[in-house]
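Here is the structure we will look at, set down as C-alpha cells.
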Amino acid sequence: MTTQRTLAIIKPDAVAEGVVGQIITRIERAGLTILAAKLVHMTLAEARGFYIVHRERPFYESLCAFMTQGPCMPMVLAGDDAIRKWRDLMGATDPAKAAAGTIRKDFAASIEANAVHGPTRPRRRRSRFPTSSRASSSAPGRAR
Ligand code: IDP
Ligand code: MG
C-alpha cells in the first residue's frame with residue numbers, strides 16, 4: 001500500500017458548468033481524501049508557468065488562455081495509490097477517447113476544455129500550483 005498525495009485541478013470549464021460538487025463526490029467515493037482546496041483565478045503569467053512543460057506544443061497559448069478564463073479549483077488529494085486513482089477517475093485527455101464513467105467522458109467538452117488536471121506519475125517535474133494566486137472572489141466565468 002502506497003499512500004500518495006497528488007495535485008488535482010477542477011478546470012475553469014467544469015467550475016463554470018457547476019459540476020464541482022459532482023466531481024468532488026466521485027473523488028470521495030473513490031476513497032481519496034481532500035487535504036486542501038481553494039478557488040483560484042490564475043493570471044496568464046501563472047498559467048504559462050504552470051504549463052511551461054508544454055511550451056513547444058501548438059496548443060500552449062490556447063491552453064493558457066483557457067485556464068485563465070475563470071476560476072479553477074486546485075486540490076491536494078491523498079490516499080492509497082492516489083495518483084493512479086485520480087488518473088483513472090479523470091479518464092483519457094481527449095473526452096472522445098475517455099472510458100465510460102470517467103469525469104472527462106461525462107463532463108468535458110473538448111481535448112482542451114477537459115474538466116480536470118492531474119499528474120501522470122510522482123514528481124515527473126517540479127510543478128507546483130502557483131501559490132501567489134489569490135483566492136478568487138469572482139463569479140465563475142467572469143471575464144477579466
Ligand atoms: P493530461 O491533462 O491528460 O495529462 P497532457 O498531454 O499533459 O494531458 O496535456 C495537458 C493539457 O493540455 C490537457 O489536459 C488539455 O487541457 C491540453 N491539451 C492536450 N492535448 C491537447 C491538444 O491536442 N489540443 C488542445 N489542448 C490539448
Ligand atoms: Mg499531463
Side-chain angles (χ1 to χ4, degrees), residues 1-54 57 59-60 62-144:
M1 169 157 153
T2 322
T3 300
Q4 294 174 324
R5 290 183 178 195
T6 190
L7 171 69
I9 305 174
I10 303 178
K11 292 184 177 180
D13 58 326
V15 174
E17 282 290 317
V19 295
V20 167
Q22 292 184 66
I23 292 171
I24 285 176
T25 295
R26 292 181 185 207
I27 290 168
E28 292 173 332
R29 286 194 179 143
L32 293 167
T33 302
I34 299 170
L35 295 182
K38 77 176 182 183
L39 206 57
V40 170
H41 197 153
M42 273 198 282
T43 66
L44 195 52
E46 288 166 340
R48 284 180 177 144
F50 180 72
Y51 279 118
I52 194 74
V53 70
H54 294 308
R57 312 277 290 272
F59 56 81
Y60 177 62
S62 175
L63 172 63
C64 293
F66 157 64
M67 287 300 289
T68 58
Q69 76 184 18
C72 64
M73 185 173 281
M75 299 182 282
V76 179
L77 307 182
D80 179 32
D81 211 9
I83 294 171
R84 188 194 53 77
K85 270 190 189 155
W86 173 231
R87 199 83 207 167
D88 289 350
L89 285 177
M90 290 199 302
T93 308
D94 183 352
K97 295 177 183 156
T102 61
I103 291 168
R104 282 165 165 171
K105 183 69 173 183
D106 293 343
F107 302 121
S110 70
I111 192 170
E112 178 175 272
N114 60 0
V116 282
H117 167 90
T120 312
R121 60 184 82 88
R123 293 188 184 274
R124 186 179 90 197
R125 56 192 163 104
R126 254 182 292 163
S127 166
R128 293 219 177 111
F129 194 84
T131 50
S132 62
S133 283
R134 58 264 163 265
S136 173
S137 57
S138 63
R142 189 190 70 142
R144 70 199 299 256

- Task: Over all heavy atoms of both residues, which pair between Pro71 and Leu39 is shortest? Give the atoms and the distance, please.
- Result: CB-CG, 3.8 Å

- Task: Tell me, please, which residues at least two apart from Ala115 pass side-chain contact (heavy atoms from CB on, under 4.5 Å).
- Result: Asp13, Ala14, Ile103, Phe107, Ala108

- Message: As an exercise, state the distance from CG of Asp81 to OG1 of Thr6, rounded to the nearest 0.5 Å.
- Response: 10.5 Å

- Where Pro74 and Leu7 come nearest, the two heavy atoms and their spacing: CB-CD1, 4.3 Å

- Item | Side-chain donor or acceptor of Tyr60 paired with backbone N/O of Arg48 under 3.5 Å | yes

- Query: Could you give the distance from OG (Ser110) to CZ (Phe66), rounded to the nearest 0.5 Å?
  - Reply: 7.0 Å

- Taken to the nearest 0.5 Å, the spacing of Arg5 CZ from Leu32 CG works out to 13.0 Å

- Message: On a heavy-atom basis, which atom in Ala99 and which in Thr102 lie closest, and how many Å separate them?
- Response: O-OG1, 2.7 Å

- Can you name the nearest heavy-atom pair linking Val15 to Cys72, along with the distance? CG2-CA, 4.0 Å

Which pairs would a plain distance check flag for residues 16-26, meaning a side-chain donor or acceptor within less than 3.5 Å of a matching protein atom at least two apart in sequence or in another chain?
unit_1	atom_1	unit_2	atom_2	d
Thr25	OG1	Gly21	O	2.9
Arg26	NH1	Gly101	O	3.1
Arg26	NH1	Asp106	OD2	3.0
Arg26	NH2	Asp106	OD2	2.8

- So salt bridge (Lys or Arg N to Asp or Glu O under 4.0 Å) across residues 28-37, not counting sequence neighbours, yields none

- Identify the two heavy atoms, one from Pro122 and one from Gln4, that lie closest to each other, and give their separation to 0.1 Å. CG-NE2, 4.1 Å

- Query: side chain to side chain contact (heavy atoms under 4.5 Å, CB included) between Ile34 and Val76: does it pass, once the steps are laid out?
  - Reply: CA-CA 6 Å; Ile34 299 170; Val76 179; over 6 Å; no

Distance-only check: which donor-acceptor pairs under 3.5 Å involve side-chain atoms of residues 86-96, not counting sequence neighbours?
unit_1	atom_1	unit_2	atom_2	d
Trp86	NE1	His117	O	2.9
Arg87	NH1	Gly118	O	2.7
Asp88	OD2	Arg84	NH1	2.5
Asp94	OD1	Ala96	N	3.0

- Message: Restricting to non-hydrogen atoms, name the atom on Ala37 and the atom on Met75 that form the minimum distance, rounded to 0.1 Å.
- Response: CB-CG, 3.6 Å

- Message: Suppose we screen for side-chain contact (heavy atoms from CB on, under 4.5 Å). Which residues come up paired with Ala45, at least two apart in sequence or across chains?
- Response: Thr43

- Query: Got a donor-acceptor contact below 3.5 angstrom from the Asp80 side chain to the Thr2 backbone?
  - Reply: yes

- Taking only residues two or more places apart in sequence or in another chain, which ones pass ring pair (Phe, Tyr, Trp, His ring centres under 6.0 Å) with Phe59? His54

- Item | Pairing residues for Ser62 by the side-chain hydrogen bond (donor to acceptor under 3.5 Å, both in side chains) criterion, not counting sequence neighbours | Glu112

- Task: Apply side-chain hydrogen bond (donor to acceptor under 3.5 Å, both in side chains) to Asn114 and list each qualifying residue two or more places apart in sequence or on a separate chain.
- Result: Lys11

